[in-house]
Structures are given as C-alpha cells and as structure tokens.
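For reference, the structure discussed in these notes is given below.
Note that this is a predicted model, so its numbers are computed, not measured.
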Amino acid sequence: MLLHSHVRRLILLLLVLSASVPSYSASSSCAGAGNDAAIVAAAFRHVRNFQPQSVPACAPVRELRLQSRNLTGAVAWASLANLSALAALDLSGNALRGAIPGGFWRAPSLRSVDVSRNQLGGSLRVEPNPRLQSLNVSGNRFTGVAGLDGLAGLDALDLSANRIRAVPEGLKLLTRLSRLNISGNAMQGRFPGDMPPLGGIRFLNVSYNNLSGVVNASAVKKFGPSAFVHAGNASLVFSKDSTVPRKAPPPSPPGGTGRKKDPARKANSAPTKSKGKKHWGVVAVAVVCGVASVTVLLCLVVSVACGVVRCRKRKNKDKEEAEEKKKAQRGEKAEEEVVVAAKGASSAPVVLFERPLMELTLADLAAATSGFGRESQLAERGGRSGAAYRAVLPGDLHVVVRVVEGAMAGVEEDDDNPAAAAAAFRELARFRHPNILPLLGYCIAGSEKLLLYEYMEKGDLHRWLHELPAGRPDMDDGGDIWETAEDKRSISDWPTRHRIALGVARGLAFLHQGWAGSGRAVVHGHLVPTNVLLGDDLEPRISDFGHLGEDATAEGDVYGFGVLVLELMTGQGRWDEASVSWARGLIRDGKGLDIVDPRVHGEAAEQVVEREMVECLRMGYLCTAHSPDKRPTMQQVVGVLKDIRPAARAIDGGDA
C-alpha cells in the first residue's frame, strides 16, 4: 500500500510538472508579442480584406507590409502607435480612406512610412519624430501638410500627386533630405526659397506646380530638365543658360484640335521662318545705321504698325468669337436638322443588323431621345461625327444615335443616294472585333443619316485618365465608390493599362488589315483617348472610325497610337509636338521612369514592373518617329506589346 501511495504521488508530480512547463514556456515566449498581433487586429478592424493571420502571433511586429492587398476602409491609426517595435509600415497600393491623425507618429521605433496610392485625405499633421527617415504619401488626396519641421532626420519625402496647393511650412528646414518629390500638386511657393538646401538633394521633382522664383542652370544640370516640367507660372524664371522643356500651349478641348498633327506633314514650314528672321535682321541694321530723319520716319511707321496690329487683333478676336458662336450653335443646328428630318420622314425605317425582325422607324428614335432633345444629348468629346443621343429601344437595347457629319468610307457628305449610303454602312458593320465598337444599325431619312452604336456606360479613356481621381470610378470627392466588386476596377494598376494599350493596338491593326476576305481596310485618322471607350471589364473599344480625310494614313494612325501610349503611361494630357519631343528625349536618354504616372502600380516584383513599363514607353517612342517610314506597323506593335508581358500573351493567344 505504501509503495502504491508513493507511485501515485510520483505520477501526480510528473503530471503537474509536464503541465506547468509548456504553460510557462509559451507565456514567456509570447510575452508582449501576442499583444502586438492584437493591436494590429484592432487597428484594422474596420478594414475590409484584412487577414489577421498575416501578422505573426508570437513575434514583435517590426515591419508591417500590406501593400496591394485590396484593403478598403479606415485604419485606426492611433492603435498602431502602440506598436513599440514597429520600424517600417507599407500600406501602399490599396483603397484606404480617411485621415491620418497626429497620434500615429508617436510610434517610438518608426523609421519608414509608405501609404502611397490610396484614397487618404484631409490635412496631414505630423508630430515630431526625429527618427523617421522615409515618408511617401503620394497618390492620395491630402490638401496640406503640417509639422515637417519636426522630422529633422528625414532623408526621403514624396508628396506628389495630391491636392496640396501651397508649399508646406517647414519643408525648407529638412536639411538632411536627399530625395524630394512634390510634383503634380499645383502648389504655390518660391523656388528655391521654400525648398530644402539643394546641395544635399540627389533627386528632385517639382513638375506641374505653380512655383515662382528663379531656376538657374546648375539646378537644371543637376536634376535634369524633367524635374521642372510645367513647374511654375509666369513668375518662374529660368536663367539664360538653362535648357528646360518647352511649355505646352494653353489647354484645348479634350481630344480636340489641341493635338498637333503628324509632324511629318509640316516639314516645309522651316524655310519661311528663316526668311522672316533674315528680313528682320536687315531692318534692325538699317535702323541702327539710320540718321535722325529716318528715326522720325520710323516713329511714323511704328505708329501705323501699331494701328494695324490693333486692327488685326480686333479681327482675330471677332473671328474667335464667331468660331465659338458657331461651335455653340452646332448642336442646336444638328438638333434642328434631325427634328426637321423626323417630321418630314418619320416613317424612314431603322435597320438593325442583328435584329432584322425588329420594325422601328425614325419616329421611334425620336420618341426614345425625347425628340432628339438636349436632355438625351451626350456631351461632345472631340470626335468628328455630329451630335449623339442616348436611347433605349424595345428589348432594353441601349444605343447611341449619332448624326453623320462629313464624309465616311463610301459615303460623301452631300451624297443623296440612299442605296450607296446603305451599302457603305453595311460594309462598316462588317468590321467586327473585340476592340472595335460595333455599328448596330442605321437610318437614312432624306439627307440626314443616323448611325446606331452600342452604348458604353463606362465612358471613354480620357474620363478615366483625367476626370476620375486616381483612375477610380469615384462618384464624388468624398471618397464614396461604387460597391460592386466589378466597378472597383481601376486603371491605376499596370496590367490594366497594358491591356488597354494592347487592345487598342489590336483594334487598330484589325482596321488596317480589314475583315477577312474583303480587301477593305480603314484608316482611323483621329485616335485620341476620347475615341477609346471602355467596357464593363475595362477592355478598350475604338470608336469614330470610317471617316475620310485627305491626310489620313496608316502611318499617321501609328503616330496617334504612340501619342496615346505616352498619355496612357504618363497620365498627362494635352500632348502636342513639343511635349512629344520632350518625352521622346527622356525615353531615349533612359529616363522613362521619371515620367511614368505615379498612380500606376503592379502586382509583380517592382523591378519587373518597371522594366515592362519602360518597354511600353519605348514602343510609344518608336511609333512617334518623325519619319513615317521608320514607324512600325500596327501588326508589329501588337507582337511587341504581347512580348512585353508574357502573362498577357498567355491570356490572349490570338492575333489581332
């Protein structure tokens, strides 16, 4: 009995020891660390798509890297300040909203913060933190920055692509900065007076702002011309020795006449300018060598010249006003003509190629467009056709009814032969391709010709690049976005932009090649972002093709595609011959990454994405060659774009 009692005591002691040892070990190894995981979970409790298991449960959180995780919502930033070991935070490439309060910056070990490419906004207030070395808040909606003077140890600062309208106070006190990017803010301030000491800065970009002051030659030489593109207003002066990119002309209507024609068509204009300069040189010499009597005569000539100039200015102003008035009356005239045609030929049939049994007339189109009224008229987007109206036909068929203006392939502008027009429209309807907006039908009512196209609710590429914040389908400035997963798509990611470029190239190559067996090819002649419509899956479709033009060529289409690629990759609009030349120079010098849209991000390794984007810019470079015979064909462009991203080739196995 005594033996059994000792055995039982020994077994009980072993059980107690075996139970207590693991418990003690676990508590000691996770002491404090498990609390970090709980802090992170609390900070992201209102963030959708956050996965708590991505944070180690039994280790102090020193780095929190959740970039491009499709995180949406608001972070409880003050909670993150309780992570005593947190040194690096990277939440870039998500859809986080809200403001960052000052309490976040109290994290004692914080060294690096990257919250770029989100939807954060408000005024960014930074509390003193001399340990912080890198701060990137680019591609958000911040309206101001305060407290920079408390970041004495900051080495890299990126405030680009926000809504900051004034140079932040305290910026010039950051004496340890080596990298500074404040581009794309339209901010006011003085250069270099409001900047940190330029001697210690290795990289600088102040482009697209409203700065004033003086930029000397040494600054341009050190940082490159691309650092000062559209950097200031009329008060920003470049020294005589500075070589900077030429400024673009005043903004013109999107996709309209502001885009310069192919430079190859203007090669004969230089001699005239040379002769003019020579002429004025002779006049200047004559004035210098003249006598007093000639001076008196010159005064008289100047007086007469001033009168002539004023007269010409008045005539030009009257001409511009007349053009504006004519443009304003264009829609009214088109509306009146269509209404008159509807009254006179209301029984004119509407032909729908894919629904031949649907019997519709011009009167039905008039009813579906409120009598071709302004409430149904779509905004003019720089195309070459006439007014366009949205209509919903029987069977819930959403279409765009567009008035034909000008000559089209096979149809002259004043051609009253309805049979010839119908045949030409049927030919155009045979151009069917995933990247071509299909012609659904037509209606010929006397001299008026109407075309029916599929209605694309997502709008055009220009809208997504320049009118929606960060290329996202935001409904307003408050950050509310459409709730469906499909509508949360954005063209801010690199794969989508590449797919758009490839899709446009395939559609244009198809137009140049013609549909199988037809021998018919079409030149577009006006490829601009407003003529590239996007489907629900953001797949591009080329519209407004089939028009005739004396200077329209396949080589000109290639040039237009190259300019479109530059706009797609840089996110900048209003391209003309000077800005194209500037971009080509940077690409040629291996500085293409300097002009890539800062909103663009990718899912692959950063170096892989950068290489692919540079290759895409090089394609834009090749397509905009000054000599047309040095430009590739669109079929060749398609092949190169597929090779840039092997994943795209795997998904899209077919040719153009």
Grab the two heavy atoms, one from [X] and one from [Y], that are nearest each other, plus how far apart they are.
X: Leu157; Y: Leu171; value: CD2-CD1, 3.7 Å
X: Leu568; Y: Arg497; value: O-NH1, 2.6 Å
X: Asn140; Y: Leu120; value: OD1-N, 3.0 Å
X: Asn181; Y: Ser183; value: OD1-OG, 2.8 Å
X: Gly199; Y: Lys222; value: O-NZ, 3.2 Å
X: Ile164; Y: Gly144; value: CG1-N, 4.0 Å

For [Y], does its backbone N or O pair with a side-chain atom of [X] as donor and acceptor, under 3.5 Å?
X: Asp557; Y: His524; value: yes
X: Asn162; Y: Val137; value: yes
X: Asp597; Y: Val600; value: no
X: Trp105; Y: Arg125; value: yes
X: Asn210; Y: Gly232; value: no
X: Asn94; Y: Ser92; value: yes
X: Lys591; Y: Gly224; value: no
X: Asn118; Y: Ser116; value: yes

> Is there a side-chain contact (heavy atoms from CB on, under 4.5 Å) between Leu564 and Val532 once you walk through the steps?
Replying inline: CA-CA 10 Å; Leu564 186 142; Val532 176; 3.8 Å; yes
To the nearest 0.5 Å, tell me how far [X] [atom1] sits from [Y] [atom2].
X: Glu577; Y: Tyr559; atom1: CD; atom2: OH; value: 6.0 Å
X: Arg65; Y: Leu91; atom1: CZ; atom2: CG; value: 10.5 Å
X: Cys623; Y: Met634; atom1: SG; atom2: CE; value: 6.0 Å
X: Arg131; Y: Leu154; atom1: CZ; atom2: CG; value: 13.0 Å
X: Ser226; Y: Leu593; atom1: OG; atom2: CG; value: 11.0 Å
X: Met569; Y: Ile587; atom1: CE; atom2: CD1; value: 9.0 Å

Between [X] and [Y], is any pair of side-chain heavy atoms under 4.5 Å apart?
X: Val565; Y: Phe561; value: yes
X: Leu159; Y: Phe142; value: no
X: Pro196; Y: Leu180; value: yes
X: Ser109; Y: Leu86; value: no
X: Asn129; Y: Val126; value: no
X: Leu148; Y: Leu173; value: no
X: Asp158; Y: Asn205; value: no
X: Val528; Y: Glu567; value: no

> Under the criterion ring-ring contact (aromatic ring centres under 6.0 Å, His included), which of Phe223, Phe228, Phe238 is the partner of Phe191?
Replying inline: Phe228
>> As a quick check of understanding, evaluate side-chain contact (heavy atoms from CB on, under 4.5 Å) for Tyr621 and Leu617, giving each step before the final call.
In response: CA-CA 6 Å; Tyr621 174 89; Leu617 281 171; over 6 Å; no
> Passes side-chain contact (heavy atoms from CB on, under 4.5 Å), Thr633 versus Val558? Steps please.
Replying inline: CA-CA 7 Å; Thr633 66; Val558 175; 6.0 Å; no
Can you confirm whether [X] is buried at [atom1], in the sense that more than 12 heavy atoms of other residues, nucleotides or ligands lie under 6.0 Å from that atom?
X: Arg165; atom1: CZ; value: yes
X: Glu169; atom1: CD; value: no
X: Arg111; atom1: CZ; value: yes

[X] and [Y]: side chain donor to acceptor below 3.5 Å:
X: Asp155; Y: Ser178; result: yes
X: His498; Y: Glu615; result: no
X: Arg584; Y: Thr624; result: yes

>> Regarding Arg631 and Glu555, does a basic nitrogen lie under 4.0 Å from an acidic carboxylate oxygen?
In response: no
>> Between Trp575 and Thr570, does the side-chain contact (heavy atoms from CB on, under 4.5 Å) criterion hold? Intermediate values first, please.
In response: CA-CA 11 Å; Trp575 288 85; Thr570 64; 3.3 Å; yes
> What residues, two or more places apart in sequence or in another chain, satisfy side-chain hydrogen bond (donor to acceptor under 3.5 Å, both in side chains) together with Asp594?
Replying inline: none
> For residues 182-196, which residue pairs qualify under salt bridge (charged side-chain N to carboxylate O under 4.0 Å, His left out), counting only residues two or more places apart or in two chains?
Replying inline: none
